[in-house]
J.: 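Below is one structure. I have some questions about it.
We're numbering straight along the sequence, starting at 1. A quick note: this is a predicted structure, and the numbers were derived from the prediction, not measured.
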Amino acid sequence: MNPSHLIIKIGTCLTAFLCAALLYGQSNDALEQPVHGVWVSVVSNIDYPSKPGLTAEELRAEADKWLDLAVEMRFNAIFLQVRPMCDALYRSDLFPWSSFVSGTQGQAPDGDFDPLDYWVKEAHKRNVKLHAWLNPYRVATGQKALEKMATDNPAKIHPEWTFQHKDRTYFDPGIPEVRDLVVKGIVEIVEKYDVDGIHIDDYFYPERKLDEDFDTFEKYGEGFDNIEDWRRHNVDLFIEAADKAIHNVRKDVVWSVSPAGVWANKSNHPLGSDTHGNQCYFDLYADVRGWVKKEIIDAVIPQIYWEFGFKAADFQILADWWSEVVADTNVKLYVGTAAYRVDPNAKSEAWRDGNQLIRQLEYMDGKKEISGQVFFTAHSFKEGAIPHDVVKAYAKEHEWSPELTPAEEK
C-alpha cells in the first residue's frame, strides 16, 4: 500500500472513532459536578402550582419562590415534574396541557403561559440545572379522571394501548407503539427546551400481581418462557431507546432514573441487598442494576427513604449496595433522600428531628461512589421546617454550591 494512502486511511479511521466517541461517549460536564437537588412535584399540586387555575402572574411568582428557595438552600439542581399523568406542563404536540395547572386537561394555562419554558430560563439565571421529570406510563387515577381526559389525549385516542389495574389506568409497556410514543415525548422536550436532564421516577409496571397484560404477552411475547422476563425486557427496550434518542439530539443531557430503593432482596436474588422490602426487579419489572451495568442511563437516584437500623431496608446497607453497583461504571449515583419524613410528630422516632438527615448526609459524603443527593420534596424545605434549617446549615458548612445571586439582583 502507498504510505500516503495508509496515512490518509489511518487519519480517516481516527476521525470516525473520535466522532463516535463524541456522539456516544459519556463526556458530559454536568456529570462531573456533585448534585444537591430537590424534586418539585406537580401531581395533586403537592408543590407546584399550589392549586389549579392560577393566573400567569401567579404561576411565575410561585416558580420564582421555589427557584429562590433552591438558591437559598444551595441546591444546584431541580427535578421538575413536567408530565405527571399523560399530560404536560409545556406546549406539546403529543400530550394535552395538565389539569394540575389549568384545572382542565387540554386547556392551556392563563395567557398561554408555558411553565417549563419559564422554569428552565429562570433556573439558568440562578445557575441551577433544570431536569424535566416525567412518568412514562401512568395515565389516570380513578374513573373521574379517566372520564375528564382531553379528547386529544393519546390514551383517549388509543384505549387499546392501555390497561386498568385497580383504580388506575396505565399505558401497556409491552406495546411497541406505547414505547415509541413515550420516547417521542422525551425527544420533543429535549428538542424544544434547554433542559439539563430527562428524569423518570419509579413507576413502571404497577405491581407483581398483574394479569391485565396477558393478551399483550400472547401477541408480543414470542421467545420468552415467562411473562416476568418479558415484562423486564419491555422496560429495558424503553430505557435503551430513550438513552439513544436523547443523546442523538443532545449528548449533554443527563438521562436519569429514580427507582425504588431496593432492587432485589438477597433472599430472592443472589445479587440483591440484605433487605426485605418491595423489589423493583420483581415487583415493578425494572432491572435498574442491569441498566447501570450496561450504562444505558447516565445517573441513578435510588429512593433510600429509610433510616439507619431499619430492619427491612437499612439506609447504610442500601447506600453501600448501590455504591457497589455503580463502582467501575460511568453511571453517577445520587441518593434519593427523604426530607418529607422529618416531622416532630413522625411515627418513627428516628425522623422527629434533623439528626437522621445529618447522619445520612455525613455518610454519603464519606462514600466516594455517591456524588450527591436529591431531596423529596420541595415543600419540605419551607421556612421554619426542620429540613430547611438543618440542610441549609449543613450546605453552608460544607460549601455545597457557591453563593448564587438572587434573580432580582441580576
Side-chain angles (χ1 to χ4, degrees), residues 30 33-52 54-84 88-91 98 100-101 109-134 189 192-199 253-254 256 258 301 334 336-337 339-340 372-385 387-396 399-410:
Q33 304 300 321
V35 165
H36 307 292
V38 64
W39 279 291
V40 176
S41 304
V42 168
V43 67
S44 302
N45 299 104
I46 292 173
D47 294 320
Y48 178 86
S50 58
K51 62 181 180 180
L54 297 181
T55 66
E57 183 179 354
E58 290 170 327
L59 289 167
R60 292 187 188 95
E62 288 198 0
D64 287 339
K65 178 189 71 173
W66 291 122
L67 288 158
D68 288 341
L69 176 69
V71 172
E72 178 189 354
M73 300 299 300
R74 298 188 180 217
F75 295 153
N76 58 8
I78 287 175
F79 293 75
L80 174 68
Q81 193 171 30
V82 301
R83 202 160 77 236
L89 247 73
Y90 55 92
R91 197 170 289 106
S98 176
F100 298 119
V101 179
D110 174 63
D112 206 29
F113 174 68
D114 188 327
L116 178 55
D117 180 65
Y118 186 81
W119 275 82
V120 170
K121 290 175 180 175
E122 292 299 315
H124 290 171
K125 284 181 184 178
R126 294 163 172 82
N127 199 28
V128 174
K129 303 290 186 183
L130 197 290
H131 298 249
W133 162 26
L134 57 94
I189 295 172
K192 292 169 104 174
Y193 299 91
D194 188 23
V195 296
D196 300 286
I198 293 291
H199 175 72
V253 173
V254 176
S256 64
S258 178
I301 313 175
Y334 316 122
T337 305
Y340 77 96
Q373 58 286 123
V374 183
F375 295 97
F376 189 83
T377 180
H379 76 264
S380 305
F381 293 95
K382 288 181 178 179
E383 189 76 35
H388 175 277
D389 298 337
V390 167
V391 176
K392 182 178 179 180
Y394 189 94
K396 183 177 181 180
E399 299 181 334
W400 275 6
S401 301
E403 290 284 359
L404 304 177
T405 305
E408 60 268 18
E409 295 180 13
K410 286 187 177 291

J.: For Phe100, is there any backbone N or O sitting under 3.5 Å from a side-chain donor or acceptor partner on Ser98?
T.: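 Yes.
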
J.: Is the shortest side-chain heavy-atom distance between Lys382 and His388 below 4.5 Å?
T.: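 No, their side chains stay 4.5 Å or more apart.
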
J.: Pairing donors with acceptors under 3.5 angstrom, does anything connect the side chains of His36 and Asn76?
T.: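 On atom types as modelled, these side chains do not qualify, holding no pair under 3.5 Å.
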
J.: Less than 4.5 Å apart, any side-chain heavy atom of Val391 and any of Met73?
T.: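 With C-beta onward as the side chain, the pair touches.
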
J.: Would you find a donor on one side and an acceptor on the other, under 3.5 Å apart, between the side chain of Asp47 and the backbone of Val42?
T.: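 Not at all, since once roles are kept as given, no pair shorter than 3.5 Å links the two residues.
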
J.: Please step through side chain to side chain contact (heavy atoms under 4.5 Å, CB included) for the pair Asp112 and Arg91, ending with a clear verdict.
T.: CA-CA 9 Å; Asp112 206 29; Arg91 197 170 289 106; 3.3 Å; yes

J.: Salt bridge check: are Lys192 and Asp117 linked by an N-O gap of less than 4.0 Å?
T.: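 Salt bridge flag = no for Asp117 with Lys192.
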
J.: Do Phe75 and Val374 come close enough that some side-chain heavy atom pair is under 4.5 Å?
T.: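 Sidechains of Val374 and Phe75: no contact.
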
J.: Grab the two heavy atoms, one from Pro387 and one from Ala339, that are nearest each other, plus how far apart they are.
T.: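 Heavy atoms of Pro387 and Ala339 come nearest at CG-O, 3.6 Å.
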
J.: Say you draw a straight line from OG of Ser258 to CZ of Phe376; how long is it, rounded to the nearest 0.5 Å?
T.: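 With rounding to 0.5 Å, OG (Ser258) is 9.5 Å from CZ (Phe376).
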
J.: Between Asp110 and Thr55, is any side-chain donor less than 3.5 angstrom from a side-chain acceptor?
T.: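 No, because no side-chain N or O of Asp110 sits under 3.5 Å from a partner of the opposite role on Thr55.
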
J.: Could you tell me if the side chain of Ser256 sits less than 4.5 Å from the side chain of Phe79, heavy atoms only?
T.: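 Yes, at least one pair of side-chain atoms sits under 4.5 Å.
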
J.: Residues two or more places apart in sequence or in another chain: which of them pass salt bridge (charged side-chain N to carboxylate O under 4.0 Å, His left out) with Glu57?
T.: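 Expected list: none.
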
J.: Pick one: which of Trp66, Tyr193, Tyr48 meets ring-ring contact (aromatic ring centres under 6.0 Å, His included) with Trp119?
T.: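 Looking at Trp66, Tyr193, Tyr48, the match for Trp119 under the ring-ring contact (aromatic ring centres under 6.0 Å, His included) is Tyr48.
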
J.: What distance do Glu62 atom CD and Lys51 atom NZ have between them, rounded to the nearest 0.5 Å?
T.: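 Rounded to the nearest 0.5 Å, the CD-NZ separation comes to 9.0 Å.
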
J.: Looking only at heavy atoms, what is the nearest atom pair of Ala132 and Val82, with distance?
T.: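 Minimum heavy-atom separation between Ala132 and Val82: CB-CG2, 3.8 Å.
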
J.: Salt bridge (charged side-chain N to carboxylate O under 4.0 Å, His left out) with Arg60: which residues, sequence neighbours excluded?
T.: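 By the salt bridge (charged side-chain N to carboxylate O under 4.0 Å, His left out) rule, Arg60 matches no residue at all.
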
J.: Report yes if the side chains of Ile189 and Leu116 come closer than 4.5 Å at any heavy-atom pair, otherwise no.
T.: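 Yes, side chains in contact.
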
J.: Taking Val40's backbone N and O only, do any of them form a donor-acceptor pair with Trp133's side chain (distance below 3.5 Å, no angle check)?
T.: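 Not at all, since once roles are kept as given, no pair shorter than 3.5 Å links the two residues.
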
J.: For the NZ atom on Lys65, are there more than 12 heavy atoms of other groups (residues, nucleotides or ligands in this structure) within a distance under 6.0 Å?
T.: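 Atom NZ in Lys65 is crowded, with more than 12 foreign heavy atoms closer than 6.0 Å.
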
J.: Rounded to the nearest 0.5 Å, what's the gap from CG on Leu130 to NE2 on His199? Could you check?
T.: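 Between Leu130 CG and His199 NE2, I get 12.5 Å after rounding to 0.5 Å.
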
J.: If I compare all heavy atoms of Glu122 with all of Arg126, which pair ends up nearest, and what's the gap?
T.: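 So the two residues come closest at O-NH1, 2.9 Å.
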
J.: How long is the gap from NZ on Lys396 to NZ on Lys392, to the nearest 0.5 Å?
T.: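 That separation rounds to 8.0 Å.
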
J.: Output all residues satisfying salt bridge (charged side-chain N to carboxylate O under 4.0 Å, His left out) with Asp389, sequence neighbours left out; order by chain, then residue number.
T.: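 Scan of Asp389 (salt bridge (charged side-chain N to carboxylate O under 4.0 Å, His left out), adjacent residues dropped) gives none.
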
J.: Answer yes if the ring centres of Tyr340 and Phe375 are under 6.0 angstrom apart, and no otherwise.
T.: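 Not close enough - the centres of the two rings lie 6.0 Å or further apart.
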
J.: So which atom in Tyr90 and which in Arg83 form the shortest heavy-atom distance, rounded to 0.1 Å?
T.: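 Reported closest heavy-atom pair: OH-NH1, 3.1 Å.
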
J.: Would you find a donor on one side and an acceptor on the other, under 3.5 Å apart, between the side chain of Arg74 and the backbone of Ser401?
T.: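 It does hold such a pair.
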
J.: For the atom pair CD (Gln81) and CG (Leu134), what is the distance rounded to the nearest 0.5 Å?
T.: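 It comes to 9.0 Å.
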
J.: Could you tell me whether the side chain of Tyr118 reaches within less than 4.5 Å of the side chain of Leu89, counting heavy atoms only?
T.: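 No - every pair of side-chain heavy atoms lies 4.5 Å or more apart.
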
J.: Do you know which two heavy atoms are closest between Ser50 and Asn45, and how far apart they sit?
T.: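 Looking at all heavy atoms of both residues, the closest pair is O-CB, 3.9 Å.
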
J.: Side chains of Val101 and Pro52: does their closest heavy-atom pair fall under 4.5 Å?
T.: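 The answer is no; the side chains never approach within 4.5 Å.
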
J.: Return the minimal non-hydrogen interatomic distance between Leu69 and Ala378, and the atom names on each side.
T.: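 Where Leu69 meets Ala378 most closely, the heavy atoms are CD2-O, 4.1 Å.
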
J.: Do His131 and Trp39 have side-chain heavy atoms sitting under 4.5 Å apart?
T.: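 They are not in contact (no side-chain heavy atoms under 4.5 Å apart), so the answer is no.
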
